[in-house]
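Since the structure comes first, as structure tokens, the remarks are kept for the end.
Computed from heavy atoms alone, side chains included, the values below leave out hydrogens, waters and symmetry copies. Lettering follows sequence order; numbering is per chain, from 1.
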Number of protein chains: 2
Amino acid sequence: MDKQIYDRGSAMETTTLSQEIRQLHADICSALADPTRILILYSLAESPSSVNELVTHLETSQPTISRHLKILRERGLVSANRQGQMVTYSLTDVRIIDALDTLRAVLRDSLARRANLVNS
Amino acid sequence: MDKQIYDRGSAMETTTLSQEIRQLHADICSALADPTRILILYSLAESPSSVNELVTHLETSQPTISRHLKILRERGLVSANRQGQMVTYSLTDVRIIDALDTLRAVLRDSLARRANLVNS
DNA sequence: TGGATATATATGGATAAGCAGATATATGAT
DNA sequence: ATCATATATCTGCTTATCCATATATATCCA
């Protein structure tokens, strides 16, 4: 499955920055543009899980979780592994969490800066 | 200006992970969910620029650039500085570029992995 | 003040992305 | 084969996002 997504990028031979950024957006950044998907990534970073475990843990409907997992899977951010009836999902690359944690630090400092501006 | 955005987060005292992630998405990740905005951030990381310089450099209309700059400014990712008629924008926190570069590395490896799967 | 330049915003319309609810597929057990 | 469980997908519908065009504001200079 997902065979059609493999012949998209063609190994970026003569890639300008603009082209690479557009692919970064299309493949990864747009996948991070939803809070449920970010929560899924953090949850899978703690431990690989079945769909139902994510449904329970994130208190979100099963179709919604599956739809988000499909997006993350198509973009290579998570990997699926069927074991009997269950499908276990796991994070493909922990550096996604590194990047998100960096952004959380940016956010913390940004909020602190704003708070200082208010109190001055 | 932009006064209303300062009283949004209230210093996240009793913040659950879910709440923090939702704010991360609302403030930062959703701002990264557009290729033009990512290009603006990379451009400003190289050198602070006026709106018109960005318009020329990114070959995008002035209203579009201004609209994207407003979003980035409201979320604290860029800082504006008026000097006469011109407004010079600059990156607020270089770690955004660090995070984006990490995601680019993730993308590169993901594409390489897919290429290997195709050729096997 | 009036004009020129730089930047910001408002409006309308197209496209995309989200969810809920229903349904389909896949696997395992009896 | 039939049923139960787990997961995936489809169908409307609503909302959000983006752009182009037009217009407004801000600053400088004459």
Side-chain angles (χ1 to χ4, degrees), chain A residues 1-5 18 21-23 25-41 43-44 48-75 77-90, chain B residues 1-5 18 21-23 25-41 43-44 48-75 77-90:
Chain A
M1 60 172 159
D2 290 349
K3 183 147 289 177
Q4 76 285 2
I5 67 175
S18 170
I21 295 305
R22 278 171 208 289
Q23 187 161 20
H25 164 260
D27 285 10
I28 299 195
C29 289
S30 75
L32 302 179
D34 181 281
T36 301
R37 287 198 290 269
I38 302 178
L39 285 167
I40 289 176
L41 293 173
S43 184
L44 295 182
S49 311
S50 69
V51 176
N52 258 337
E53 285 169 341
L54 290 170
V55 166
T56 304
H57 185 218
L58 301 182
E59 293 173 317
T60 305
S61 79
Q62 180 268 316
T64 292
I65 293 288
S66 278
R67 183 169 33 79
H68 286 306
L69 283 172
K70 178 183 189 179
I71 292 171
L72 295 171
R73 178 173 19 102
E74 284 175 346
R75 318 234 170 137
L77 301 189
V78 304
S79 312
N81 208 304
R82 182 175 280 273
Q83 294 154 336
Q85 315 178 6
M86 290 185 357
V87 177
T88 299
Y89 280 88
S90 54
Chain B
M1 59 173 159
D2 289 349
K3 184 147 287 177
Q4 77 285 1
I5 67 176
S18 171
I21 294 306
R22 278 170 209 289
Q23 186 159 21
H25 164 260
D27 284 10
I28 298 195
C29 288
S30 74
L32 301 179
D34 181 281
T36 301
R37 286 197 290 269
I38 302 177
L39 285 167
I40 289 176
L41 293 172
S43 183
L44 295 182
S49 312
S50 68
V51 176
N52 259 334
E53 285 169 341
L54 291 170
V55 166
T56 303
H57 185 219
L58 301 182
E59 293 173 316
T60 305
S61 78
Q62 179 267 316
T64 292
I65 293 288
S66 277
R67 184 169 31 79
H68 285 307
L69 284 171
K70 179 183 186 177
I71 292 172
L72 295 171
R73 180 173 17 102
E74 283 175 346
R75 318 228 170 143
L77 300 189
V78 305
S79 311
N81 207 303
R82 182 176 279 275
Q83 295 154 336
Q85 314 178 6
M86 292 185 357
V87 177
T88 298
Y89 279 87
S90 54

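In this entry the distance linking CD of A:Glu59 with P of C:dC19 reads 15 Å, nearest Å. One atom, CG of B:Leu32, and another, P of D:dC18, lie 12 Å apart when rounded to the nearest Å. Taking atom CZ of residue B:Arg37 and atom C1' of nucleotide D:dA16, one finds them 12 Å apart after rounding to whole Å. Rounding to whole angstrom units, CD1 of residue B:Ile38 and P of D:dC18 are separated by 11 Å. Atom CD1 in B:Ile40 sits about 13 Å away from atom C1' in D:dC18, given to the nearest Å. In this entry the distance linking CG of B:Asn81 with P of C:dA6 reads 18 Å, nearest Å.
Applying the side-chain contact (heavy atoms from CB on, under 4.5 Å) criterion to B:Val87, with sequence neighbours excluded, gives B:Ala80, B:Arg82, B:Tyr89. Take B:Arg22 and apply the side-chain contact (heavy atoms from CB on, under 4.5 Å) test, not counting sequence neighbours, and it matches A:Pro35, A:Leu39, B:Ser18. Partners of B:Thr88 by side chain to side chain donor-acceptor pair (under 3.5 Å), not counting sequence neighbours, listed by chain and number: B:Gln83. For A:Pro63, the side-chain contact (heavy atoms from CB on, under 4.5 Å) partners are A:Ser61, not counting sequence neighbours. Residues forming a side chain to side chain donor-acceptor pair (under 3.5 Å) with B:Gln85 (at least two apart in sequence, or on another chain): none.
Rounding to the nearest 0.5 angstrom, the gap separating the OG1 atom in A:Thr36 from the CG atom in A:Leu58 is 7.5 Å.
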Any N/O pairs under 3.5 Å between the protein and nucleotides 5-15 of chain D? List them or say none.
from  : atom 1 : to      : atom 2 : distance (Å)
D:dT5 : O2     : A:Gln85 : OE1    : 3.4
D:dT7 : OP1    : A:Val51 : N      : 3.4
D:dT7 : OP1    : A:Val87 : N      : 3.1
D:dT7 : OP2    : A:Asn52 : N      : 2.9
D:dT7 : OP2    : A:Asn52 : ND2    : 3.3
D:dA8 : OP1    : A:Tyr89 : OH     : 2.6
D:dA8 : OP2    : A:Ser66 : OG     : 3.0
D:dA8 : N7     : A:Gln62 : NE2    : 2.6
D:dA8 : N6     : A:Gln62 : OE1    : 3.2

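A close approach under 4.0 Å does occur between a side-chain nitrogen or oxygen of B:His68 and OP1 or OP2 of D:dC19.
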